[in-house]
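This report refers to the structure that appears directly beneath it.
If you're wondering where the values come from, they're calculated on a predicted model, not measured in any experiment.
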Amino acid sequence: METLFSGVTQVGIVVVVLALIHRPLGAYMARVLEGARSGRVERAIYRVLHVDECADQSWVAYALSVIAFSLVSIVGLYALLRASVLFPAPWGHEAGMGRLVALNTAISFVTNTNWQAYTPETTLGFVAQAGGLAVQNFASAAVGICVAAALARGFARARSGGIGNFWVDYVRVILRLLLPLAFVSAVVLLLGGVAQSFAEPLSIHTLSGDTQLIATGPVASQEAIKELGTNGGGYFAANSAHPLENPNLWTNLFEIVLILAIPTALPRTFGIIVEDARQGRAILAAMGVLATLSLALTSWAEWSAWRQGAASVWEGKELRFGILPSSLFATATTLTSTGAVDSMHASYTPAARAVLTLNMLLGEIAPGGVGSGLYGIVIVAIIAVFLAGLMVGRSPEYIGKKIGRTEMTLASLYTLVTPALVLAGVGLTYGLDSVREAQTNTGAAGLGEVLYAFASAANNNGSAMAGLDASIPPLALGTSVAMLVGRFLPMVCVLALAGALASAGRVGETAGTLPTHRPLFVGMTVGVALIVTGLTFVPVMALAPLVEGLS
């Protein structure tokens, strides 16, 4: 039986590994994004795309490139998902996807949400899985990193009309960062027992004497980028709770490291680009405080229930992982935009489910998704420095840039997108008879499931509670809108902010400048994140997980 010592030890292993790779990975990503020379393969790609690698884009051109690329990706993936019935099994699947679910899935994977309103192993074949979904796992992750890099350049540049070139950033991130890391990670997962083949489903004889078909496929290659790119879409419906995706304890820890590796290293990348490593450390510290609080609360809720004799706490959790490692995985996946699960979140205690929901409502900033977590917490830091300036009556400044009306307007719009999508989505759908009929739970638990679903969709997370059928039209359409708007409207705000910062001049530090690299500012950033989220979502949280917990 699991001990507290073993659980804490596993958490410690993850923290040590992340600490060891933080500096080299962060520095390497800075070289990838700011490197001056392109390789032969990269130059060939630029020629095919008719891209001038030396040309700088304005924020408008950068944003249009992001949106155009993503829209083409949605159309292409939708067509592939619909056409999967044309391929013979196991390359295709006769069941296929309906129009609405295919549209929902295409939007989901292109927006880095990876919400799955279908059963993968009984719906899709190898072509759609490896040639469609896995490809978008790379593409959507790269887009997030590109936008984060553009924001960093906004702080680093002065009197500049450009924030980089999306196509150059994208190609470099794919070829120099994600593909090499995913290849190595897939090999490690193969060694750990994760499946990887293009064979027919295995026919086995069970202990009861029956025959059962076990689906297999190119799992390790998809699993690696699924975690590394904070995507989360599983090859199997059970996701990382499936033994062919996550066979044992050490692969479980390795997958947690993959989820957190790039998001925790990006603050160092940010510090290098803005030429002030202290700013990156301050951002990482704020992320660390929020993550520690979340993990402590989730683990306490689950561990306490088990210690008090609640055997039901094991329902929905894998015995080979245990309560605390499962809590660590759940915390990591909801604090990032991953959406992968090694246990069913619907089986957690009400208090733990409240924390997991809050992780997403914070904006997934501790450390957040690849790229999106970094620019999300930078937005929080901008709001914090503005509030600090109001309190002392001075003009707010952050990393050498004055935070004025334009910057605060964009930061405020960014902050309002998720609450509007979540609250409107829950309010418009929960009262529908079809939605209530699609739930296995009623009352506060049912409302909590719908709240979790829209929090997951609007924040591009992708995890879900098992008691909700998200394939029905109101939820499929509602979550599609939430995923689409929740991804690209904040990105446009971030890129507009990057453009405003890049065009502004730098301001020197004075006696009245608030140091934004010290513990006081880290505490302010954490406080702003918690207060803004609390003021926005406490009413609906009180109606769902909190009421259920108290009852």
Side-chain angles (χ1 to χ4, degrees), residues 78 81-82 95-108 111 113-120 122-123 233 237-239 312 315-316 334 339 341 344-350 352-354 356-358 360-361 417-487 536-551:
Y78 174 82
L81 293 174
R82 292 286 291 158
M97 271 190 181
R99 294 186 182 89
L100 190 54
V101 174
L103 177 62
N104 182 275
T105 304
I107 292 173
S108 171
T111 59
T113 312
N114 303 83
W115 175 273
Q116 294 177 291
Y118 60 95
T119 304
T122 60
T123 306
N239 211 282
S312 60
E315 192 272 332
T334 51
V341 295
M344 299 302 105
H345 293 179
S347 301
Y348 280 65
T349 63
R353 292 205 304 272
L356 298 180
T357 304
L358 184 62
M360 295 183 292
L361 296 178
V417 171
T418 296
L421 292 172
V422 173
L423 298 178
V426 173
L428 292 173
T429 59
Y430 186 67
L432 300 176
D433 292 337
S434 59
V435 173
R436 290 197 298 272
E437 292 170 359
Q439 295 180 282
T440 57
N441 296 309
T442 58
L447 176 59
E449 287 180 344
V450 177
L451 172 62
Y452 190 99
F454 278 95
S456 178
N459 285 286
N460 304 129
N461 181 277
S463 64
M465 292 193 183
L468 183 67
D469 180 6
S471 64
I472 63 172
L475 292 178
L477 287 173
T479 54
S480 294
V481 172
M483 289 185 289
L484 202 60
V485 178
R487 175 71 164 180
T536 306
F537 292 108
V538 159
V540 70
M541 291 284 287
L543 291 173
L546 296 181
V547 166
E548 185 186 359
L550 292 173
S551 62

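Residues Leu423 and Phe537 are in side-chain contact: their nearest non-hydrogen atoms beyond the backbone lie under 4.5 Å apart. Met541 has its side chain within reach of Thr357: a pair of non-hydrogen atoms, C-beta onward, lies under 4.5 Å apart. Side-chain atoms of Val426 and Leu447, non-hydrogen and from C-beta on, do get closer than 4.5 Å to each other. In this structure, the side chains of Arg353 and Tyr452 stay at 4.5 Å or more apart for every pair of heavy atoms. Between Phe454 and Thr418, every side-chain heavy-atom pair lies at or beyond the 4.5 Å cut-off.
In this structure, the separation between CG on Leu361 and CG on Leu356 is 11.0 Å, given to the nearest 0.5 Å. Between Asn239 atom CG and Met344 atom CE the span is 7.0 Å, to the nearest 0.5 Å.
Scored by the side-chain hydrogen bond (donor to acceptor under 3.5 Å, both in side chains) test, Thr536 finds no partners at all (sequence neighbours excluded). In this structure, Leu428 has no side chain to side chain contact (heavy atoms under 4.5 Å, CB included) partners at least two apart in sequence or on a different chain. Take Thr105 and apply the side-chain hydrogen bond (donor to acceptor under 3.5 Å, both in side chains) test, not counting sequence neighbours, and it matches no residue. Residues passing the side chain to side chain contact (heavy atoms under 4.5 Å, CB included) test with Ala117, sequence neighbours excluded: Asn104, Trp115, Ala470, Ser471. Shown here are the side-chain hydrogen bond (donor to acceptor under 3.5 Å, both in side chains) partners of Ser108, two or more places apart in sequence or in another chain: there are none. Considering only residues two or more places apart in sequence or on other chains, Leu421 meets the side chain to side chain contact (heavy atoms under 4.5 Å, CB included) condition with Val417, Ala458, Val485.
A donor-acceptor contact shorter than 3.5 Å links the side chain of Ser456 to the backbone of Ser463. Listed for the Thr113 side chain is no donor-acceptor partner under 3.5 Å among the backbone atoms of Asn461.
Asn460 approaches Arg487 most closely through the heavy-atom pair OD1-CA, 3.3 Å.
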